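Predicted model, so just to flag it, every value in this text is computed and none were measured. Order of the sequence lines sets the chain letters (A, B, ...), proteins ahead of strands, with each chain counted from 1.
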2 protein chains.
Amino acid sequence: METTWEQQLRTAGLRVTRPRLSVLGVLAEHPHVDADTIATAARTVHPSISPQAVYGVLKALVGSGLARRIEPAGGPALYELRVGDNHHHLVCRGCGLIADVDCVVGQAPCLQPSDAAGFAVDEAEVVFWGLCADCQVARRTHVHGTNSAFEEGVIA
Amino acid sequence: METTWEQQLRTAGLRVTRPRLSVLGVLAEHPHVDADTIATAARTVHPSISPQAVYGVLKALVGSGLARRIEPAGGPALYELRVGDNHHHLVCRGCGLIADVDCVVGQAPCLQPSDAAGFAVDEAEVVFWGLCADCQVARRTHVHGTNSAFEEGVIA
DNA sequence: CTCTTGATTTGACTGAATCAAGAAAGCGAG
DNA sequence: CTCGCTTTCTTGATTCAGTCAAATCAAGAG
């Protein structure tokens, strides 16, 4: 697995560098992370890595299709290594937890708009909003505000 | 129509103020606008309105259900008056143009994830990415880069 | 008309991300 | 193995969207 990243980088026409391997390592362990968390985690392996290097690496990875960038409303961009399978995401309104959902249909775009209004659609992005199991419990226990942040448009 | 806003504000328990009426006026004319554009446009009617007032008004409108906030990846948040019908959006990768798409199914969430992973889902947000009619032409005419900005992950 | 409460202004501030210039490292050719 | 070109990383400044807080101002109930 370790060497695979090296190969993948080369295949993508990218040089194999320490910052890139560190970032890939972090992404492999954490399915959905923001740039800042990646920088912090990567520093345990490569202490001198700069935040901007992380942005640069991520841009290169996304640009070459090795990683995917998702931008849930109300938070920083997140990155994941799972690419090419056009899956979707569940986002928790309470704690920001993200889970993957397999796409029912196979290829992108998995959905077609009822009226495309002249658009050539190449991707249908689906985000399911709700409460994760833990936050549902926390809500019911009525300790309103236990789980920090993200409090806002909860519909129920 | 003019007076309806006043009524709607009152019904929502909000005071009727000049900044709020100005912002509502702008939103009624432009279906999908960002806060900055709203501020600029509102100033033609109410010159002294401050940018922060616009943020305040928008937060109040969204909070009371009179407006909806959407946040397409890679751009500032946009606001629209069309609420309560759970419709979706088409976004142009070329120029950022946004079009509404009626939801095929009626109520939210219109879609259910195949495996909710314990989440209580209350909304399915769908964004269709592609090229609008104009940008398709511009692309074909090969004047690459005519339509500013937004250039990046075009799949085709 | 007056008073209370809610809204707006003003101005400072945060967080995420980009840009630019110089230094450093990858890696192919010799 | 070494050279040297090119890509990538570092450092530091800068933008952009949006928030926060204190003070002023106005809506509208009484």
**Q** Can you identify which nucleotide, out of D:dT10, D:dC9, C:dT9, has its nearest atom closest to the A:S50 side chain?
**A** D:dT10
**Q** Hey, are the side chains of B:R68 and B:H87 touching, using non-hydrogen atoms and a 4.5 Å cut-off?
**A** yes
**Q** Name the residue closer to the 5' end of DNA chain D, choosing between A:A60 and A:Q52 according to the nucleotide with the nearest heavy atom.
**A** A:A60
**Q** For A:I70 and C:dA16, give me the distance from atom CD1 to atom C1', rounded to whole Å.
**A** 16 Å
**Q** Taking CZ from B:R43 and C1' from C:dT8, how many angstroms apart are they, rounded to a whole number?
**A** 14 Å
**Q** Between C:dA7, D:dT8, D:dG18, which nucleotide has the shortest distance from any of its atoms to the side chain of B:L14?
**A** C:dA7
**Q** If you check every side-chain atom of A:P76, which of C:dA17, C:dC19, D:dG18 has the closest atom?
**A** C:dA17
**Q** Rounded to the Å, how far apart are B:D36 CG and D:dG18 P?
**A** 9 Å
**Q** Rounded off to whole Å, could you give me the CG-to-C1' distance for the A:D34 and C:dT14 pair?
**A** 15 Å
**Q** What is the distance from CG of B:L58 to C1' of C:dA7, rounded to the nearest Å?
**A** 14 Å
**Q** How close or far is atom P of D:dT8 from atom OH of A:Y55, stated in whole angstroms?
**A** 19 Å
**Q** Classify the side chain of A:R15 versus the base of D:dT8 as yes if they form a donor-acceptor pair under 3.5 Å and no if they do not.
**A** no
**Q** Quick one: ring-ring contact (aromatic ring centres under 6.0 Å, His included) pairs with a partner in residues 37-58 of chain B, sequence neighbours left out?
**A** none
**Q** Take the protein atom CZ of B:R10 and the nucleotide atom P of C:dG6, then report the distance between them rounded to whole Å.
**A** 16 Å
**Q** Excluding sequence neighbours, so at least two apart, what forms side-chain hydrogen bond (donor to acceptor under 3.5 Å, both in side chains) with B:D34?
**A** B:T37
**Q** Can you identify which nucleotide, out of D:dT10, C:dT9, C:dA7, has its nearest atom closest to the A:I49 side chain?
**A** D:dT10
**Q** Atom CZ of B:R18 to atom P of C:dT9: distance rounded to whole Å?
**A** 10 Å
